[in-house]
Amino acid sequence: QVHLVESGGGPVQAGDSLRLSCAASGRTYVMYAVGWFRQAPGKEREFVGGISWSGSNTACVDSVKGRFTISRRNGGNWVYLQMNSLKPEDTAVYFCAAAHVQGREVYYSTAAEYDYWGQGTQVTVSS
């Protein structure tokens with residue numbers, strides 16, 4: 001079992017930056033990929049980006065590419081979503097999720113592939 005807790009969300013102005021953190025505990029010796037998802041009111045949960053267990057493979061979707069980056073450290077137990085140049089359309093609850101990958105340098109873009117989820121952190125961007 002891997003327990004995930006997100007933090008770092010809050011209200012910001014358009015153009016501001018935020019760094020979301022995802023802290024993992026439990027069976028963290030198991031290799032797992034991490035994905036970041038977000039869900040805006042009335043919309044489906046969408047994939048934002050992912051990072052492989054070692055951190056060597058990471059990317060974000062086109063809508064946030066160039067503004068958001070994902071990284072991990074401390075043996076991979078902390079994963080970050082750095083969000084710059086925030087826009088009102090980035091307003092959502094952001095979730096991190098972990099998936100067992102058995103050593104493969106991959107991450108998944110589909111929510112169903114993930115085994116564990118955090119509770120989410122709200123990001124609100126005002127214009």
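For the numbers below, each heavy atom of this structure counts, side chains included, while hydrogens, waters and symmetry mates do not.
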Next on the checklist: If hydrophobic clusters are built from ILVMFWY residues whose side chains come within less than 4.5 Å, do V106 and M31 share one?
Outcome noted: yes
Next on the checklist: We want to know whether E105 and S56 form a side-chain donor-acceptor pair, criterion being a heavy-atom distance below 3.5 angstrom.
Outcome noted: yes
Item to check | V123 vs D90, side-chain contact (heavy atoms from CB on, under 4.5 Å): CA-CA, chis, key distance, verdict | outcome: CA-CA 8 Å; V123 173; D90 295 319; 5.5 Å; no
Next on the checklist: Could you check whether any side-chain heavy atom of V12 comes within less than 4.5 Å of a side-chain heavy atom of T124, counting everything from C-beta outward?
Outcome noted: no
Checklist entry - What are the two closest heavy atoms between K43 and Q39, and how far apart are they? => result O-NE2, 3.1 Å
Checklist outcome for this item: Smallest heavy-atom separation, Q122 atom then A92 atom, equals NE2-O, 3.4 Å
Checklist entry - Without hydrogens or angle criteria, can the side chains of T121 and E6 be said to hold a donor-acceptor pair below 3.5 Å? => result no
Checklist entry - Under 3.5 Å, is there a donor-acceptor pair linking the side chains of H100 and Y116? => result yes
Checklist entry - About how many Å separate OG1 of T69 and CD of Q82, when rounded to the nearest 0.5 Å? => result 5.5 Å
Item to check | Spacing of I70 atom CD1 and L81 atom CG [to the nearest 0.5 Å] | outcome: 5.5 Å
Next on the checklist: Which heavy atom of S17 sits nearest to which heavy atom of S85, and what is that distance?
Outcome noted: OG-N, 4.2 Å
Checklist entry - Between P88 and S127, which heavy-atom pair has the shortest distance, and what is it? => result CG-CB, 3.9 Å
Checklist entry - Given side chains that start at C-beta, do those of F37 and E46 come closer than 4.5 Å, heavy atoms only? => result no
Checklist entry - Is there a donor-acceptor contact under 3.5 Å from the side chain of R67 to the main chain of V64? => result no
Checklist entry - Below 4.5 Å, heavy atoms only, C-beta onward: do W36 and L20 meet side chain to side chain? => result yes
Checklist entry - Where is the tightest heavy-atom contact between A59 and Y107, given as atom of each residue plus distance? => result CB-OH, 3.1 Å
Checklist entry - More than 12 foreign heavy atoms under 6.0 Å from CD of Q119: is that the case here? => result yes
Checklist entry - Does NZ or CZ of R45 lie under 6.0 Å from the centre of the six-membered ring of W117, at an angle within 45° of the ring axis? => result yes
Item to check | Interatomic distance, L4 atom CG to Y114 atom OH [nearest 0.5 angstrom] | outcome: 11.0 Å
Checklist entry - Can V125 and D16 be said to form a side-chain contact (heavy atoms from CB on, under 4.5 Å), step by step? => result CA-CA 8 Å; V125 185; D16 286 351; over 6 Å; no
Checklist entry - Would you find a donor on one side and an acceptor on the other, under 3.5 Å apart, between the side chain of Y32 and the backbone of S52? => result no
Checklist outcome for this item: For C96 and V34 the tightest heavy-atom approach is CB-CG1, 4.3 Å
Item to check | Check against side-chain contact (heavy atoms from CB on, under 4.5 Å), Y80 and C22 | outcome: CA-CA 6 Å; Y80 303 99; C22 175; over 6 Å; no
Checklist entry - Judged by modelled atom types alone, do E89 and T91 share a side-chain donor-acceptor pair under 3.5 Å? => result no
Checklist entry - Quick one: CZ on R72 to CH2 on W53, what's the gap to the nearest 0.5 Å? => result 9.0 Å
Item to check | Approximate separation, where rounding is to 0.5 Å, of I51 CD1 and C60 SG | outcome: 9.0 Å
Checklist entry - In terms of side-chain heavy atoms, does Y94 have a donor or acceptor partner in R38 at a distance below 3.5 Å? => result yes
Item to check | Minimum side-chain heavy-atom gap F47-V61 below 4.5 Å | outcome: yes
